[in-house]
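Notes follow once the structure below has been shown.
Count residues from 1 along the sequence. These figures come from a predicted structure and were not determined experimentally.
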Amino acid sequence: AAEKYRQWLGQRRVELQAAREAKAKEEEEAFIESQRCEIAAREAFRKREEERLRKLREERERAEKEEHKLWEEAQQRAEQERNERVERHRERLAKLVQDKREAEEERFRREEELRLEQEKARGEYRKRRQAEIAKEKERRQMEEERKWEA
């Protein structure tokens with residue numbers, strides 16, 4: 001009976017040791033599985049975070065492009081407005097110059113008419129006209145001589 005008891009006790013020890021080893025192996029497998037799940041959860045979080053950051057970056061780039069486009073349009077409008085102001089100023093200056101020239105021409109014409117009337121009245125018109133014709137003849141003659149000399 002003692003021998004049988006020892007055998008049973010030995011058998012029981014082997015069974016308990018096997019049960020402990022099975023339990024330890026089961027716990028180790030459960031731990032490994034929990035580690036795998038935690039790693040998978042971290043990886044899923046990392047991927048979600050990368051996607052969120054990528055979308056934020058794309059949105060920021062889109063906003064920067066839009067802002068730059070708006071800035072360029074504002075620059076173009078400002079340039080166009082400045083060019084229009086310059087053109088209007090040039091037109092006003094040209095009109096002023098033209099008006100001044102016309103006024104001077106009109107004043108000169110009136111002075112010339114007045115002078116001619118006075119010369120005619122004094123009989124000097126014909127003399128002056130003959131002098132102008134003589135000067136013109138002399139000028140033509142000098143030009144002719146220069147042509148022949150050249």
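Shown here are the salt bridge (charged side-chain N to carboxylate O under 4.0 Å, His left out) partners of E43, two or more places apart in sequence or in another chain: R46. For H68, the ring-ring contact (aromatic ring centres under 6.0 Å, His included) partners at least two apart in sequence or on another chain are W71. Take Q80 and apply the side chain to side chain contact (heavy atoms under 4.5 Å, CB included) test, not counting sequence neighbours, and it matches E84. Qualifying side-chain hydrogen bond (donor to acceptor under 3.5 Å, both in side chains) partners for R48, counting only residues two or more places apart in sequence or in other chains: none. With sequence neighbours excluded, no residue forms a salt bridge (charged side-chain N to carboxylate O under 4.0 Å, His left out) with R92. When the side-chain hydrogen bond (donor to acceptor under 3.5 Å, both in side chains) test is applied to R77, no partner is found at least two apart in sequence or on another chain.
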What donor-acceptor contacts under 3.5 angstrom involve side-chain atoms of residues 12-19, with partners at least two apart or in another chain?
| residue | atom | partner | partner atom | Å |
| --- | --- | --- | --- | --- |
| Q17 | OE1 | R20 | NH2 | 2.8 |
| Q17 | NE2 | E21 | OE2 | 3.1 |

Pairs of donor and acceptor atoms involving the side chains of residues 27-40, under 3.5 Å and at least two apart or interchain, shall be tabulated with distances.
| residue | atom | partner | partner atom | Å |
| --- | --- | --- | --- | --- |
| S34 | OG | F31 | O | 2.7 |
| E38 | OE2 | R42 | NH2 | 2.4 |

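A salt bridge does not link K23 to E26: none of the charged nitrogens lies less than 4.0 Å from a carboxylate oxygen. Of the charged side-chain nitrogens involved, none lies within less than 4.0 Å of a carboxylate oxygen, so that R110 and E113 do not count as a salt-bridged pair. Between R115 and E112, at least one side-chain N (NZ, or NE/NH1/NH2) sits under 4.0 Å from a carboxylate O, which counts as a salt bridge. Taking a cutoff of 4.0 Å between a charged side-chain nitrogen and a carboxylate oxygen, R101 and E105 do not qualify as a salt bridge. With salt bridges taken as basic N to acidic carboxylate O contacts below 4.0 Å, none links K55 and E58.
Note that CG of L56 is 9.0 Å distant from CD of E49, once rounded to the nearest 0.5 Å. Separation of atoms NZ (K69) and CD (E66) is listed at 5.5 Å; rounding is to 0.5 Å. Interatomic distance, E106 CD to D99 CG, rounded to the nearest 0.5 Å: 13.0 Å. Taking CZ of R54 as the reference point, atom CD of E59 lies at 12.0 Å (rounded to 0.5 Å). One distance of note links CD1 of I133 with CD of Q130; it measures 7.0 Å at 0.5 Å rounding.
With a 6.0 Å radius and a threshold of 12 heavy atoms from other residues, nucleotides or ligands, E67 has its CD atom at or below the threshold.
Alongside W148, the hydrophobic cluster contains no other residue (criterion: ILVMFWY side chains under 4.5 Å). Think of Y5 as one node in a network of Ile, Leu, Val, Met, Phe, Trp and Tyr side chains linked at under 4.5 Å; its network also takes in W8, L9. F108 belongs to no multi-residue hydrophobic cluster, having no ILVMFWY side-chain contact under 4.5 Å with any other such residue.
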| request: Take L96 and K100, measure what side-chain contact (heavy atoms from CB on, under 4.5 Å) needs, and give me the verdict at the end. | output: CA-CA 6 Å; L96 288 173; K100 184 178 178 185; over 6 Å; no
| request: Would you please test Q7 and Q11 for side chain to side chain donor-acceptor pair (under 3.5 Å) and show each step? | output: CA-CA 6 Å; Q7 282 180 352; Q11 181 68 28; over 6 Å; no
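Within the structure, the salt bridge (charged side-chain N to carboxylate O under 4.0 Å, His left out) test picks out the following pairs touching residues 130-143 (sequence neighbours left out): R128-E132, R129-E132, E136-R139, E136-R140, R139-E143.
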